[in-house]
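Okay, so here's the structure we're looking at.
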Amino acid sequence: MATIYDVARKAEVSPATVSRVVNGHTNVDPALADRVRRAMRELDYRPNAVARNLRRSRTTLWAVVISDIGNPFFTALVRGVEDLAQQAGYSVVLCNTDEDPAKESRYLNAVLAEQVAGVIIAPSGPAADLGQLTAARVPVVVVVDRQLHGSRIDTVLVDNEHGARLATAHLLDSGYRRIACITGRRGVWTACRRLGGYQRALADAGQPYQEELVRHADFRSDGGYRAMTELLRLRPRPDALFAANNLMTVGAVEYLVDQGIAVPAEMGVVGFDDLPWAHLVRPALTTVTQPTYQLGETAAQLLIERIADPDRAATTVTLPTKLQVRESSVRRRPSAVVDPT
(Lines give C-alpha, C1' and ligand atoms only; values in the text may rest on other atoms or scores of the structure.)
Protein backbone atom coordinates (compact mmCIF):
# COMPACT_ATOMS: atom_id res chain seq x y z
CA MET A 1 0.00 0.00 0.00
CA ALA A 2 1.36 3.40 -1.01
CA THR A 3 2.55 5.79 1.68
CA ILE A 4 2.79 9.56 1.81
CA TYR A 5 6.51 9.21 1.06
CA ASP A 6 5.78 7.23 -2.14
CA VAL A 7 3.47 10.01 -3.29
CA ALA A 8 6.09 12.64 -2.45
CA ARG A 9 8.78 10.85 -4.50
CA LYS A 10 6.50 10.36 -7.50
CA ALA A 11 5.27 13.96 -7.43
CA GLU A 12 8.79 15.24 -6.72
CA VAL A 13 7.67 17.26 -3.71
CA SER A 14 8.24 17.02 0.03
CA PRO A 15 6.06 14.83 2.30
CA ALA A 16 4.94 18.05 4.03
CA THR A 17 3.52 19.31 0.71
CA VAL A 18 1.61 16.05 0.23
CA SER A 19 0.24 16.38 3.78
CA ARG A 20 -0.97 19.93 3.10
CA VAL A 21 -2.75 18.82 -0.08
CA VAL A 22 -4.36 15.83 1.68
CA ASN A 23 -5.64 18.07 4.47
CA GLY A 24 -7.06 20.65 2.09
CA HIS A 25 -4.69 23.51 2.81
CA THR A 26 -4.93 26.32 0.26
CA ASN A 27 -1.35 27.59 0.62
CA VAL A 28 0.04 25.08 -1.92
CA ASP A 29 0.99 26.10 -5.44
CA PRO A 30 -1.80 24.85 -7.76
CA ALA A 31 0.66 23.14 -10.08
CA LEU A 32 2.24 21.26 -7.21
CA ALA A 33 -1.18 20.33 -5.83
CA ASP A 34 -2.17 18.90 -9.24
CA ARG A 35 1.03 16.83 -9.35
CA VAL A 36 0.33 15.48 -5.86
CA ARG A 37 -3.28 14.57 -6.67
CA ARG A 38 -2.20 12.90 -9.92
CA ALA A 39 0.42 10.85 -8.05
CA MET A 40 -2.17 9.87 -5.45
CA ARG A 41 -4.51 8.58 -8.17
CA GLU A 42 -1.76 6.67 -9.98
CA LEU A 43 -0.55 5.03 -6.77
CA ASP A 44 -4.10 4.49 -5.43
CA TYR A 45 -3.02 6.27 -2.29
CA ARG A 46 -5.57 6.34 0.53
CA PRO A 47 -4.91 8.93 3.25
CA ASN A 48 -4.57 7.61 6.79
CA ALA A 49 -7.87 8.64 8.35
CA VAL A 50 -6.66 7.98 11.87
CA ALA A 51 -3.63 10.22 11.47
CA ARG A 52 -5.71 12.98 9.94
CA ASN A 53 -8.22 12.78 12.75
CA LEU A 54 -5.49 12.97 15.36
CA ARG A 55 -4.33 16.22 13.78
CA ARG A 56 -7.89 17.47 13.78
CA SER A 57 -8.30 16.36 17.45
CA ARG A 58 -11.60 14.56 16.72
CA THR A 59 -12.86 11.83 14.39
CA THR A 60 -16.21 11.80 12.63
CA LEU A 61 -17.28 8.82 14.74
CA TRP A 62 -19.87 8.69 17.51
CA ALA A 63 -19.72 5.96 20.13
CA VAL A 64 -23.12 4.65 21.20
CA VAL A 65 -22.65 2.75 24.46
CA ILE A 66 -25.63 0.57 25.40
CA SER A 67 -26.19 -1.77 28.30
CA ASP A 68 -27.71 -4.82 26.58
CA ILE A 69 -27.49 -5.46 22.85
CA GLY A 70 -29.89 -8.40 23.27
CA ASN A 71 -32.73 -6.13 24.36
CA PRO A 72 -35.05 -5.27 21.44
CA PHE A 73 -35.63 -1.88 23.04
CA PHE A 74 -32.21 -0.72 21.84
CA THR A 75 -32.76 -1.68 18.20
CA ALA A 76 -35.06 1.21 17.35
CA LEU A 77 -33.14 3.58 19.63
CA VAL A 78 -29.83 2.96 17.86
CA ARG A 79 -31.58 3.28 14.50
CA GLY A 80 -32.83 6.71 15.53
CA VAL A 81 -29.30 7.75 16.48
CA GLU A 82 -27.75 6.38 13.31
CA ASP A 83 -30.25 7.94 10.91
CA LEU A 84 -29.64 11.44 12.24
CA ALA A 85 -25.88 10.87 12.56
CA GLN A 86 -25.63 9.88 8.90
CA GLN A 87 -27.54 12.99 7.85
CA ALA A 88 -25.07 15.11 9.83
CA GLY A 89 -22.02 13.39 8.33
CA TYR A 90 -21.12 11.12 11.26
CA SER A 91 -20.73 7.36 11.52
CA VAL A 92 -21.74 5.30 14.56
CA VAL A 93 -19.85 2.57 16.42
CA LEU A 94 -21.81 0.42 18.85
CA CYS A 95 -20.42 -0.64 22.24
CA ASN A 96 -22.28 -3.22 24.36
CA THR A 97 -21.47 -3.24 28.09
CA ASP A 98 -23.69 -6.15 29.24
CA GLU A 99 -24.52 -4.03 32.34
CA ASP A 100 -20.90 -4.58 33.41
CA PRO A 101 -19.27 -1.44 34.90
CA ALA A 102 -15.76 -2.78 34.22
CA LYS A 103 -16.55 -3.40 30.56
CA GLU A 104 -18.18 0.01 30.35
CA SER A 105 -15.04 1.61 31.80
CA ARG A 106 -12.88 -0.09 29.18
CA TYR A 107 -15.09 1.26 26.42
CA LEU A 108 -14.92 4.77 27.84
CA ASN A 109 -11.13 4.54 27.92
CA ALA A 110 -11.20 3.44 24.28
CA VAL A 111 -13.47 6.36 23.43
CA LEU A 112 -10.89 8.75 24.86
CA ALA A 113 -8.04 7.02 23.06
CA GLU A 114 -9.81 7.08 19.69
CA GLN A 115 -10.88 10.71 20.14
CA VAL A 116 -14.45 10.17 18.95
CA ALA A 117 -16.55 13.21 18.15
CA GLY A 118 -19.16 12.40 20.80
CA VAL A 119 -20.74 9.75 23.01
CA ILE A 120 -24.33 8.65 23.54
CA ILE A 121 -24.52 6.34 26.53
CA ALA A 122 -27.05 4.27 28.45
CA PRO A 123 -25.00 3.87 31.65
CA SER A 124 -24.73 0.47 33.27
CA GLY A 125 -25.67 1.89 36.66
CA PRO A 126 -25.61 4.86 38.99
CA ALA A 127 -21.86 4.66 39.50
CA ALA A 128 -21.03 5.32 35.85
CA ASP A 129 -18.13 7.76 35.78
CA LEU A 130 -18.44 10.15 32.88
CA GLY A 131 -16.16 12.70 34.49
CA GLN A 132 -13.20 11.57 32.43
CA LEU A 133 -15.16 12.33 29.26
CA THR A 134 -16.36 15.74 30.35
CA ALA A 135 -12.87 16.59 31.64
CA ALA A 136 -11.56 15.83 28.15
CA ARG A 137 -14.41 17.93 26.72
CA VAL A 138 -15.90 14.98 24.87
CA PRO A 139 -19.56 15.79 24.11
CA VAL A 140 -21.83 13.38 26.03
CA VAL A 141 -25.56 12.62 25.96
CA VAL A 142 -27.08 10.23 28.50
CA VAL A 143 -30.08 8.39 27.14
CA VAL A 144 -32.52 5.65 27.98
CA ASP A 145 -33.91 7.02 31.20
CA ARG A 146 -30.90 6.91 33.49
CA GLN A 147 -30.27 10.41 34.72
CA LEU A 148 -26.75 11.48 35.59
CA HIS A 149 -25.80 14.99 36.52
CA GLY A 150 -22.97 17.02 35.07
CA SER A 151 -22.24 20.53 33.95
CA ARG A 152 -22.20 19.59 30.26
CA ILE A 153 -24.12 16.30 30.16
CA ASP A 154 -27.36 16.38 28.18
CA THR A 155 -30.03 13.81 29.02
CA VAL A 156 -32.96 12.20 27.21
CA LEU A 157 -35.49 10.49 29.46
CA VAL A 158 -38.94 9.01 29.33
CA ASP A 159 -41.58 9.63 31.98
CA ASN A 160 -40.91 6.41 33.87
CA GLU A 161 -43.01 7.11 36.93
CA HIS A 162 -46.04 8.11 34.87
CA GLY A 163 -45.82 4.97 32.74
CA ALA A 164 -45.58 2.68 35.79
CA ARG A 165 -48.44 4.50 37.44
CA LEU A 166 -50.61 4.02 34.34
CA ALA A 167 -49.80 0.31 34.25
CA THR A 168 -50.60 -0.32 37.90
CA ALA A 169 -53.75 1.82 37.86
CA HIS A 170 -54.98 -0.14 34.83
CA LEU A 171 -54.53 -3.44 36.68
CA LEU A 172 -56.46 -2.03 39.63
CA ASP A 173 -59.23 -0.83 37.32
CA SER A 174 -59.38 -4.34 35.85
CA GLY A 175 -60.22 -5.75 39.27
CA TYR A 176 -56.83 -7.06 40.39
CA ARG A 177 -55.86 -6.28 43.97
CA ARG A 178 -52.75 -8.20 44.98
CA ILE A 179 -50.44 -6.71 42.35
CA ALA A 180 -46.77 -7.69 42.35
CA CYS A 181 -43.93 -5.65 40.89
CA ILE A 182 -40.66 -6.89 39.40
CA THR A 183 -38.32 -3.93 39.01
CA GLY A 184 -34.60 -3.48 38.37
CA ARG A 185 -31.64 -3.51 40.71
CA ARG A 186 -31.70 -1.34 43.81
CA GLY A 187 -30.16 2.07 43.23
CA VAL A 188 -30.71 2.07 39.47
CA TRP A 189 -32.50 5.28 38.59
CA THR A 190 -34.95 3.63 36.16
CA ALA A 191 -35.88 0.91 38.62
CA CYS A 192 -36.50 3.45 41.39
CA ARG A 193 -38.71 5.64 39.21
CA ARG A 194 -40.81 2.75 37.95
CA LEU A 195 -41.20 1.34 41.44
CA GLY A 196 -42.24 4.82 42.54
CA GLY A 197 -44.98 4.91 39.90
CA TYR A 198 -46.27 1.53 41.09
CA GLN A 199 -46.34 2.79 44.69
CA ARG A 200 -48.07 6.00 43.68
CA ALA A 201 -50.87 4.15 41.85
CA LEU A 202 -51.50 1.95 44.88
CA ALA A 203 -51.68 5.01 47.13
CA ASP A 204 -54.03 6.78 44.71
CA ALA A 205 -56.40 3.79 44.91
CA GLY A 206 -56.17 3.48 48.69
CA GLN A 207 -54.36 0.16 48.43
CA PRO A 208 -51.52 -0.72 50.83
CA TYR A 209 -47.96 -1.05 49.58
CA GLN A 210 -46.64 -4.50 50.51
CA GLU A 211 -42.89 -4.99 50.38
CA GLU A 212 -43.28 -8.76 49.98
CA LEU A 213 -44.87 -8.23 46.57
CA VAL A 214 -41.78 -6.45 45.18
CA ARG A 215 -38.76 -8.18 43.66
CA HIS A 216 -35.57 -6.59 42.33
CA ALA A 217 -34.00 -8.28 39.30
CA ASP A 218 -31.43 -7.53 36.61
CA PHE A 219 -33.59 -6.32 33.70
CA ARG A 220 -32.97 -9.67 31.95
CA SER A 221 -35.42 -12.48 31.16
CA ASP A 222 -33.70 -14.88 33.58
CA GLY A 223 -34.15 -12.32 36.34
CA GLY A 224 -37.85 -12.04 35.55
CA TYR A 225 -38.20 -15.82 35.60
CA ARG A 226 -36.51 -16.15 39.01
CA ALA A 227 -38.49 -13.26 40.49
CA MET A 228 -41.79 -14.74 39.31
CA THR A 229 -40.77 -18.08 40.84
CA GLU A 230 -40.35 -16.39 44.22
CA LEU A 231 -43.57 -14.40 43.96
CA LEU A 232 -45.69 -17.47 43.26
CA ARG A 233 -44.50 -19.04 46.52
CA LEU A 234 -46.29 -16.31 48.47
CA ARG A 235 -49.57 -17.10 50.17
CA PRO A 236 -51.86 -15.67 49.20
CA ARG A 237 -50.11 -15.41 45.86
CA PRO A 238 -50.32 -12.30 43.65
CA ASP A 239 -53.17 -12.02 41.16
CA ALA A 240 -51.37 -9.57 38.83
CA LEU A 241 -47.89 -8.41 37.85
CA PHE A 242 -46.31 -5.18 36.71
CA ALA A 243 -42.85 -5.93 35.25
CA ALA A 244 -40.56 -2.92 34.84
CA ASN A 245 -39.02 -3.86 31.50
CA ASN A 246 -39.68 -6.01 28.46
CA LEU A 247 -37.18 -8.82 29.07
CA MET A 248 -38.28 -9.34 32.68
CA THR A 249 -41.86 -9.51 31.39
CA VAL A 250 -40.81 -12.27 28.99
CA GLY A 251 -39.14 -14.24 31.79
CA ALA A 252 -42.07 -13.83 34.16
CA VAL A 253 -44.62 -14.91 31.55
CA GLU A 254 -42.44 -17.90 30.66
CA TYR A 255 -42.64 -19.09 34.26
CA LEU A 256 -46.41 -18.59 34.34
CA VAL A 257 -46.72 -20.71 31.21
CA ASP A 258 -44.46 -23.38 32.72
CA GLN A 259 -46.73 -23.52 35.77
CA GLY A 260 -49.94 -23.59 33.77
CA ILE A 261 -51.20 -20.31 35.23
CA ALA A 262 -53.72 -18.70 32.91
CA VAL A 263 -53.19 -15.08 31.84
CA PRO A 264 -55.24 -12.96 32.46
CA ALA A 265 -57.80 -15.15 34.26
CA GLU A 266 -55.45 -16.13 37.10
CA MET A 267 -52.73 -13.51 36.66
CA GLY A 268 -52.95 -10.14 34.95
CA VAL A 269 -49.71 -8.94 33.34
CA VAL A 270 -48.45 -5.53 32.20
CA GLY A 271 -44.86 -4.92 31.09
CA PHE A 272 -42.86 -1.72 30.67
CA ASP A 273 -41.37 -1.40 27.14
CA ASP A 274 -43.17 -2.72 24.12
CA LEU A 275 -42.00 -5.79 22.23
CA PRO A 276 -42.20 -6.13 18.43
CA TRP A 277 -44.29 -9.26 18.80
CA ALA A 278 -46.34 -8.28 21.89
CA HIS A 279 -49.54 -8.21 19.83
CA LEU A 280 -48.85 -11.62 18.27
CA VAL A 281 -48.64 -13.80 21.39
CA ARG A 282 -51.83 -15.11 22.98
CA PRO A 283 -52.94 -13.50 25.10
CA ALA A 284 -51.46 -10.34 23.59
CA LEU A 285 -49.34 -8.45 26.12
CA THR A 286 -50.39 -5.13 27.58
CA THR A 287 -47.36 -2.83 27.65
CA VAL A 288 -46.20 0.66 28.50
CA THR A 289 -44.73 1.90 25.23
CA GLN A 290 -41.78 4.24 24.89
CA PRO A 291 -40.95 6.29 21.79
CA THR A 292 -37.69 4.40 21.28
CA TYR A 293 -36.81 5.71 17.82
CA GLN A 294 -37.53 9.25 19.00
CA LEU A 295 -35.31 8.68 22.05
CA GLY A 296 -32.40 7.91 19.76
CA GLU A 297 -33.21 10.72 17.35
CA THR A 298 -33.47 13.25 20.19
CA ALA A 299 -30.17 12.08 21.70
CA ALA A 300 -28.49 12.50 18.33
CA GLN A 301 -29.88 16.01 17.92
CA LEU A 302 -28.63 17.00 21.38
CA LEU A 303 -25.19 15.61 20.56
CA ILE A 304 -25.05 17.61 17.33
CA GLU A 305 -25.94 20.74 19.28
CA ARG A 306 -23.38 19.96 21.99
CA ILE A 307 -20.61 19.48 19.40
CA ALA A 308 -21.53 22.82 17.83
CA ASP A 309 -21.71 24.62 21.19
CA PRO A 310 -19.64 22.77 23.84
CA ASP A 311 -20.23 25.34 26.59
CA ARG A 312 -24.00 25.70 26.45
CA ALA A 313 -26.10 24.79 29.52
CA ALA A 314 -27.09 21.14 29.94
CA THR A 315 -30.45 20.12 28.49
CA THR A 316 -32.86 17.45 29.73
CA VAL A 317 -35.65 16.23 27.45
CA THR A 318 -38.42 14.00 28.87
CA LEU A 319 -40.53 12.08 26.37
CA PRO A 320 -44.00 10.70 27.16
CA THR A 321 -45.03 7.08 27.67
CA LYS A 322 -48.42 5.56 26.95
CA LEU A 323 -50.30 2.42 27.89
CA GLN A 324 -51.11 -0.06 25.12
CA VAL A 325 -53.93 -2.19 26.52
CA ARG A 326 -54.16 -5.71 25.14
CA GLU A 327 -55.51 -9.03 26.42
CA SER A 328 -53.05 -9.92 29.19
CA SER A 329 -54.45 -7.42 31.69
CA VAL A 330 -58.19 -7.53 31.10
CA ARG A 331 -60.26 -10.14 32.86
CA ARG A 332 -63.11 -11.49 30.80
CA ARG A 333 -66.46 -10.92 32.37
CA PRO A 334 -68.78 -13.94 32.66
CA SER A 335 -71.21 -14.27 29.78
CA ALA A 336 -74.74 -13.25 30.60
CA VAL A 337 -77.09 -16.14 31.31
CA VAL A 338 -80.24 -15.91 29.27
CA ASP A 339 -83.41 -17.17 31.00
CA PRO A 340 -85.11 -19.39 28.43
CA THR A 341 -88.49 -18.55 29.94
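What you see is a predicted model, and the numbers here were worked out from it, not measured in a lab.
- Here the SG-CD1 distance, from Cys95 to Ile69, works out to 9.5 Å after rounding to the nearest 0.5 Å.
- Under the 4.0 Å criterion applied to side-chain N and carboxylate O atoms, Asp68 and Arg220 are assigned as salt-bridge partners.
- Looking at Glu212 and Arg233, no side-chain N of the basic residue comes within less than 4.0 Å of a carboxylate O on the acidic one, giving no salt bridge.
- Nearest heavy-atom pair, Glu104 versus Ala122, reported as atom, atom and distance to 0.1 Å: OE2-O, 4.2 Å.
- For the residue pair His216 / Arg186, a side-chain donor-acceptor distance below 3.5 Å is found, with atom types taken as modelled.
- Look at Asp159 and Arg193 and you find no salt bridge, because none of the NZ, NE, NH1 or NH2 atoms lies under 4.0 Å from a carboxylate O.
- Formation of a donor-acceptor pair under 3.5 Å by the Asp6 side chain with backbone atoms of Thr3 is found in this model.
- Put simply, the side chain of Pro123 does not reach to within 4.5 Å of the side chain of Trp189, judged on heavy atoms.
- No side-chain donor-acceptor contact under 3.5 Å links Thr168 to the backbone of Ala201.
- The shortest distance between side-chain heavy atoms of Ile179 and Leu213 does not fall below 4.5 Å.
- For the residue pair Asp258 / Tyr225, a side-chain donor-acceptor distance below 3.5 Å is found, with atom types taken as modelled.
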- Task: Give the C-alpha distance, both sets of side-chain angles, the deciding distance and a yes or no for side-chain contact (heavy atoms from CB on, under 4.5 Å) between Glu327 and Thr286.
- Result: CA-CA 7 Å; Glu327 297 168 345; Thr286 296; over 6 Å; no

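- In this structure a side-chain-to-backbone donor-acceptor pair under 3.5 Å is missing from Thr134 to Arg137.
- In this structure, CG on Asp204 lies 12.0 Å from CD on Gln199, to the nearest 0.5 angstrom.
- In terms of heavy atoms, Ala164 sits closest to Tyr198 at CB-N, 3.9 Å.
- Contact between Ala136 and Leu112 at its shortest, heavy atoms only, is CB-CD2, 3.6 Å.
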- Please assess Leu256 against Leu232 for the test side-chain contact (heavy atoms from CB on, under 4.5 Å), listing each intermediate value before the final yes or no. CA-CA 9 Å; Leu256 293 175; Leu232 286 186; 3.9 Å; yes

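- You'll find the side chain of Glu99 reaches within 4.5 Å of the side chain of Ser67, heavy atoms only.
- The cationic group of Arg194 lies under 6.0 Å from the six-membered ring centre of Phe272 and within 45° of the ring axis, placing it in a cation-pi geometry.
- Under the 4.0 Å criterion applied to side-chain N and carboxylate O atoms, Glu42 and Arg37 are not assigned as salt-bridge partners.
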- Message: Run the salt bridge (charged side-chain N to carboxylate O under 4.0 Å, His left out) test on Glu266 and Arg237 for me, step by step, so that the C-alpha distance in whole Å, both residues' side-chain angles and the decisive distance to 0.1 Å come before the verdict.
- Response: CA-CA 10 Å; Glu266 297 178 82; Arg237 76 184 190 193; 3.2 Å; yes

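- The minimum heavy-atom distance between Leu302 and Thr155, with the atom names listed, is CD1-O, 4.0 Å.
- Between Leu157 and Val317 the shortest side-chain heavy-atom distance does not fall below 4.5 Å.
- Judged purely by distance below 3.5 Å, without hydrogens or angles, the side chains of Glu82 and Gln86 never pair a donor atom with an acceptor atom.
- Taken from CG in Asn246 to CZ in Phe73, the straight-line distance is 8.0 Å, to the nearest 0.5 Å.
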- Verdict with reasoning, His170 to Val325, per side-chain contact (heavy atoms from CB on, under 4.5 Å): CA-CA 9 Å; His170 166 68; Val325 177; 3.6 Å; yes

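- Heavy atoms only, all atoms of each residue included: Asp154 and Thr315 are closest at OD1-N, 2.8 Å.
- Under the 3.5 Å distance criterion, the side-chain polar atoms of Arg326 are matched with a main-chain donor or acceptor of Leu285.
- Residues Thr321 and His162 bring no donor and acceptor atom of their side chains to less than 3.5 Å of each other.
- For the pair Ser329 (side chain) and Leu171 (backbone), a donor-acceptor distance under 3.5 Å is absent.
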- Between Arg178 and Gln210, does a side-chain hydrogen bond (donor to acceptor under 3.5 Å, both in side chains) hold up when you go through it step by step? CA-CA 9 Å; Arg178 193 165 162 78; Gln210 301 176 69; 3.1 Å; yes

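- Counting only heavy atoms from C-beta outward, the side chains of Leu195 and Phe242 never approach each other to under 4.5 Å.
- With contacts defined as side-chain heavy-atom distances shorter than 4.5 Å, the pair Val156/Val142 does not qualify.
- Atom CD of Glu230 sits in a crowded spot, with more than 12 heavy atoms from other residues, nucleotides or ligands closer than 6.0 Å.
- Residues Met267 and Tyr176 form no side-chain contact, since every pair of their non-hydrogen atoms from C-beta on lies 4.5 Å or further apart.
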- Working for salt bridge (charged side-chain N to carboxylate O under 4.0 Å, His left out), residues Asp218 and Arg185: CA-CA 6 Å; Asp218 59 0; Arg185 297 193 307 269; over 6 Å; no

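- A salt bridge is defined here as a Lys NZ or Arg NE, NH1 or NH2 lying under 4.0 Å from an Asp or Glu carboxylate O, and Arg177 with Asp239 fails to meet this definition.
- Between the CG atom in Asp273 and the CG atom in Asn245 there is a gap of 5.5 Å [rounded to 0.5 Å].
- Under 4.0 Å is where a charged nitrogen must lie from a carboxylate oxygen, and between Arg79 and Glu297 no such pair does.
- Of all non-hydrogen atoms in Ile182 and Ala227, the two that sit nearest each other are CD1-CB, 3.6 Å.
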- Verdict with reasoning, Val119 to Tyr107, per side-chain contact (heavy atoms from CB on, under 4.5 Å): CA-CA 11 Å; Val119 177; Tyr107 272 128; over 6 Å; no

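- Annotation: Tyr5, atom OH; neighbour count of heavy atoms from other residues, nucleotides and ligands within 6.0 Å does not exceed 12.
- Atom CD of residue Gln87 and atom CD1 of residue Ile304 lie 8.0 Å apart, to the nearest 0.5 angstrom.
- The residues Asp29 and Arg35 are annotated as not salt-bridged, no charged nitrogen and carboxylate oxygen being separated by less than 4.0 angstrom.
- No more than 12 heavy atoms of other residues, nucleotides or ligands lie within 6.0 Å of NZ in Lys322, so this atom counts as exposed by the packing criterion.
- Looking only at side-chain heavy atoms (C-beta outward), Thr249 and Val269 come within less than 4.5 Å of each other.
- Note that OG1 of Thr298 and CG of Leu77 are 9.5 Å apart. Values are rounded to the nearest 0.5 Å.
- Between the Lys103 side chain and the Asn96 main chain, a donor and an acceptor come within less than 3.5 Å of each other.
- Panel note: side chain Asn160, backbone Val158; a donor-acceptor pair is recorded below 3.5 Å.
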